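Here's the structure we're looking at; comments come further down.
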Amino acid sequence: MKRDRYDFVIVGGGSAGSALANRLTADGSTQVLVLEAGRLDYRWDVFIHMPAALTIPIGNRFYDWKYESEPEPYMGGRKIYHARGKVLGGSSSINGMIFQRGNALDYERWGADPGMGEWDYEHCLPYFKRMENCLAGGDEYRGTDGPLILERGPVTNPLFGAFFGAVQEAGYELTEDVNGYRQEGFAAFDRTLHRGRRLSAARAYLHPVMNRANLEVKCRAFVTKILFEGKRAVGVEVSEHGSIKKIHAGEVILCGGAFNSPHLLQLSGVGNAEELAALGVEVVENLPGVGENLQDHLEVYIQHSSTQPVSVAPALKWRNRPWVGAQWLFLRKGPGATNHFEGGGFARSNEDVAYPNLMFHFLPIAIRYDGSAPAGGHGYQIHIGPMYSNSRGSVKLTSLDPSVHPALRFNYISTDEDRREWVEAVRVARDILGQPSFGPFSGGEISPGVAISTDQEILDWVRRDAETALHPSCTCKMGTDEMSVVDPSTLRVHGLEGLRVVDASVMPYVTNANIFAPVMMVAEKAADLILGNTPLAPSTVDFYRHTRD
């Protein structure tokens, strides 16, 4: 480190940390240090920057922190694997590059909680727009001047044509833009890639400003503890190259995500006092909500074989990979230049929900998300699962050793509502895949297979086969109740000074879509709150609301 004291020390160079570092250093008046425990996202690293290589970093110790849940009690005791980015840019450097804001009513739900009025849709929308450069065009819902370039999926593969035809045959509608006026429906997706390369938060926000004199970024710097003087955070303890250093800060901002931020708080004496004391941790502040309220999205793949050779399966064959790689390297084109998650949509599984509780990702190949267990030959699949489950979990400290992962328990499929919606989700996806538009292509269902048909059989299969969609959130939630952790108006940790949290953990409820976009919005809005800037004016626009007949 160039100095031993900074105005702001940002713990975590992932999605939120990258955006904050950019905004907090913009006027040159503040000294900011970003501490990232992972390594640099080297420009030559093809596994990060080639969109189609997204399956390779997952499960690889050079890119992934490789978390795993405790045995999940409602999933037959299975441990669910959780990938988290171990590189600058965090999980935005290894994710699926799908950009989804969530539904406007998600933010109305946030804003309805006590003290959360300025986190409703009209207050959040201006910050979504500020971060976007939507190449499909701007309007009162979309931005075109932001650092995050968004390309719309081309959806030219004939399997996408069949998919969009099938959803209409099943009784659902198309929509122009799932991030615009109407989320409900099906459309091409926005993606965080540009000119054939992944555009992570680090590449969009951090690398363009690395030359600022008031910004320092350190990789392979593992923060082990927050330092306090009384109730004020005054810095952090950092393990770097085998030695422990102390860095002093005017403010410490945690941007480690839904696992790391509560874990670091607990290690530092902030959390459930009784549980921390039992582990020998000196308690700084009793906040029982730290690590509670854990939410996520679980998903399964409904897979079909294809009778026509139109999927992207050939691109995965070893004999074709040199050609795919050369096309991408020299032309930024071909199968390597897309994440393949080019389209999908949102729907309601029943009439009791006010807005879509199901998200669909369509993929023109039959393969698992991490690249394992390909179905063989040509195929296609829908990724499906309930989007605002009422199951809740926790992140718990188990060791005073900072390198030991906390205990993660999600309690997936633990409620009657969750189980009901899982059965509905699978049946809706199957109904779509069984429509006439897929007639020329379908060679039959591969997974789960026709033998799985009753409600109980579907639930048993989900328990055996479901994977996380990698959207952990809500473990340091904003709010004013006794289980909240941060103040909605400042993002300061309740009861403490000089300490804030800005990442997915501050969401009170997970949104009904991928969470990268809302995390970036939270960071954009937080930057104004931290700097004391006048907030962006609310956008009082209309948005689609389903009305029952």
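In this chain, numbering begins with 1 at the start of the sequence shown. Remember, predicted model here, so these are calculated numbers, not experimental data.
- Residues R203 and D41 are paired through a salt bridge, judged by an N-O separation under 4.0 Å between the basic side chain and the carboxylate.
- Salt-bridge formation is detected for the pair R232/E497: a Lys NZ or Arg NE/NH1/NH2 atom is positioned less than 4.0 Å from an Asp or Glu carboxylate oxygen.
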Which is it for D120 and H123 under the side chain to side chain donor-acceptor pair (under 3.5 Å) test, yes or no, and what are the steps along the way?
CA-CA 6 Å; D120 63 5; H123 286 87; 2.6 Å; yes
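- Residues N214 and V32 have side chains not in contact (no heavy-atom distance under 4.5 Å, counting atoms from C-beta outward).
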I'd like to know whether Y355 forms a ring-ring contact (aromatic ring centres under 6.0 Å, His included) with F543, so could you lay out the CA-CA distance, the side-chain angles of the two residues, the decisive distance to 0.1 Å, and finally the verdict.
CA-CA 12 Å; Y355 62 100; F543 57 85; 9.6 Å; no
Is there a side chain to side chain donor-acceptor pair (under 3.5 Å) between D296 and Y412? Walk through the geometry before answering.
CA-CA 9 Å; D296 187 30; Y412 296 118; 2.6 Å; yes
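- No donor-acceptor pair under 3.5 Å is formed between the side chain of R23 and the backbone N or O of L531.
- Counting all heavy atoms, side chain and backbone alike, V281 lies closest to L267 at CG1-O, 4.0 Å.
- One finds the SG atom of C134 at 5.5 Å from the CG atom of L150 (value rounded to the nearest 0.5 Å).
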Side chain to side chain donor-acceptor pair (under 3.5 Å) between E424 and N357: does it pass, once the steps are laid out?
CA-CA 10 Å; E424 292 172 348; N357 63 330; 4.7 Å; no
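- Using a 30° and 60° split on the angle between ring planes, W110 and W119 fall in the tilted class, from 30° to 60°.
- Ion pairing between K246 and E237 fails under the 4.0 Å rule for side-chain N and carboxylate O.
- In this structure, W65 contributes its side chain and G85 its backbone to a donor-acceptor pair below 3.5 Å.
- Checking side-chain atoms of H297 against main-chain N and O of I515 turns up no donor-acceptor pair under 3.5 Å.
- Nearest heavy atoms, F99 versus A517: CE1-CB, 3.4 Å.
- To the nearest 0.5 Å, the span separating OH on Y388 from CE on M359 amounts to 13.0 Å.
- Relative to the ring axis of Y63, R39 places its NZ or CZ within 45° and under 6.0 Å from the centre.
- Every residue meeting the side-chain hydrogen bond (donor to acceptor under 3.5 Å, both in side chains) condition with S389, not counting sequence neighbours, appears here in chain and number order: S391, D418.
- Taking 4.0 Å as the cut-off between side-chain N and carboxylate O, D352 and R420 count as a salt-bridged pair.
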Hey, mind stepping through M387 and F346 against side chain to side chain contact (heavy atoms under 4.5 Å, CB included) and telling me if it holds?
CA-CA 10 Å; M387 285 292 104; F346 297 84; 5.5 Å; no
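- Contact check for D64 versus Y81: side-chain heavy atoms found under the 4.5 Å cut-off.
- The pair R130-D528 meets the salt-bridge criterion, since a charged nitrogen lies less than 4.0 angstrom from a carboxylate oxygen.
- The side chain to side chain donor-acceptor pair (under 3.5 Å) test with Y6 singles out one residue from H248, Q31, E216, E251, and that residue is E216.
- Side-chain atoms of E275 and K396, non-hydrogen and from C-beta on, do get closer than 4.5 Å to each other.
- Judged by distance alone, the side chain of T25 and the main-chain N or O of N22 form a donor-acceptor pair under 3.5 Å.
- In this structure, C474 and N293 approach most closely via the heavy-atom pair O-ND2, 3.1 Å.
- Ring orientation note: the planes of H383 and Y301 are tilted relative to one another, at an angle of 30° to 60°.
- Using a cut-off of 4.0 Å between Lys/Arg side-chain N and Asp/Glu carboxylate O, E72 and K79 are scored as not salt-bridged.
- Between the side chains of R101 and N179, no donor N or O sits under 3.5 Å from an acceptor N or O.
- A distance of 13.0 Å separates CD of E292 from OG of S484, quoted to the nearest 0.5 Å.
- Between A201 and S92, the shortest heavy-atom distance links the atoms N-OG, 3.0 Å.
- L499 CG to L254 CG: the interatomic distance, rounded to the nearest 0.5 Å, is 5.0 Å.
- By the 4.5 Å heavy-atom criterion applied to side chains, R409 and S69 are not counted as neighbours.
- Considering only residues two or more places apart in sequence or on other chains, N514 meets the side-chain hydrogen bond (donor to acceptor under 3.5 Å, both in side chains) condition with H361, H471.
- Side chain of S399 to main chain of V404: no donor-acceptor pair is present (N/O by atom type, distance under 3.5 Å, no hydrogens or angles).
- Using a 4.0 Å cut-off between charged side-chain N and carboxylate O, K245 and E240 make a salt bridge.
- Here the straight-line distance linking atom CG of D190 with atom CG of L148 works out to 9.5 Å at 0.5 Å rounding.
- E184 pairs by the side-chain contact (heavy atoms from CB on, under 4.5 Å) definition with R182, R348, P356, Y544, H546, not counting sequence neighbours.
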Under the ring-ring contact (aromatic ring centres under 6.0 Å, His included) rule, what do F186 and F360 come out as? Steps first, then yes or no, please.
CA-CA 9 Å; F186 292 80; F360 302 79; 5.3 Å; yes
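- Looking at I48 and V87, their side chains come closer than 4.5 Å, going by heavy atoms from C-beta outward.
- Both tests do not hold together for R84 against Y67: distance to the six-membered ring centre under 6.0 Å, angle to the ring axis within 45°.
- Counting only distance, with no hydrogens or angles, the side chain of R78 and the backbone of A466 share a donor-acceptor pair below 3.5 Å.
- At a threshold of 4.5 Å between non-hydrogen side-chain atoms, the residues L470 and N95 do not count as touching.
- The nearest pair of heavy atoms linking V34 to L215 is CG2-CD1, 4.1 Å.
- Taking 4.5 Å as the limit, some side-chain heavy atom of V223 sits within range of a side-chain heavy atom of L264.
- Side chain of K231 to main chain of V284: a donor-acceptor pair is present (N/O by atom type, distance under 3.5 Å, no hydrogens or angles).
- How far CG of D113 is from OG1 of T480: 8.0 Å, rounded to the nearest 0.5 Å.
- By the 4.0 Å N-to-carboxylate-O rule, D106 lies too far from R109 to be salt-bridged with it.
- With hydrogens and angles ignored, the 3.5 Å screen pairs a side-chain donor or acceptor of Q295 with a backbone N or O of V510.
- Side chain of Q266 to main chain of V395: a donor-acceptor pair is present (N/O by atom type, distance under 3.5 Å, no hydrogens or angles).
- Under the 4.5 Å side-chain criterion, counting only non-hydrogen atoms from C-beta, D7 is not in contact with L33.
- Proximity of a side-chain donor or acceptor of S505 to a complementary backbone N or O of S261 within less than 3.5 Å is not detected.
- A salt bridge links R427 to D455: at least one charged side-chain nitrogen sits closer than 4.0 Å to a carboxylate oxygen.
- For F259 and H82, the distance between ring centers is under 6.0 angstrom.
- Side-chain N/O atoms of N512 and Q183 include a donor and acceptor closer than 3.5 Å.
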Show, in sequence, the C-alpha distance, side-chain angles and deciding distance for E132 and Y127, and conclude whether the side chain to side chain donor-acceptor pair (under 3.5 Å) test is met.
CA-CA 9 Å; E132 293 177 343; Y127 289 98; over 6 Å; no
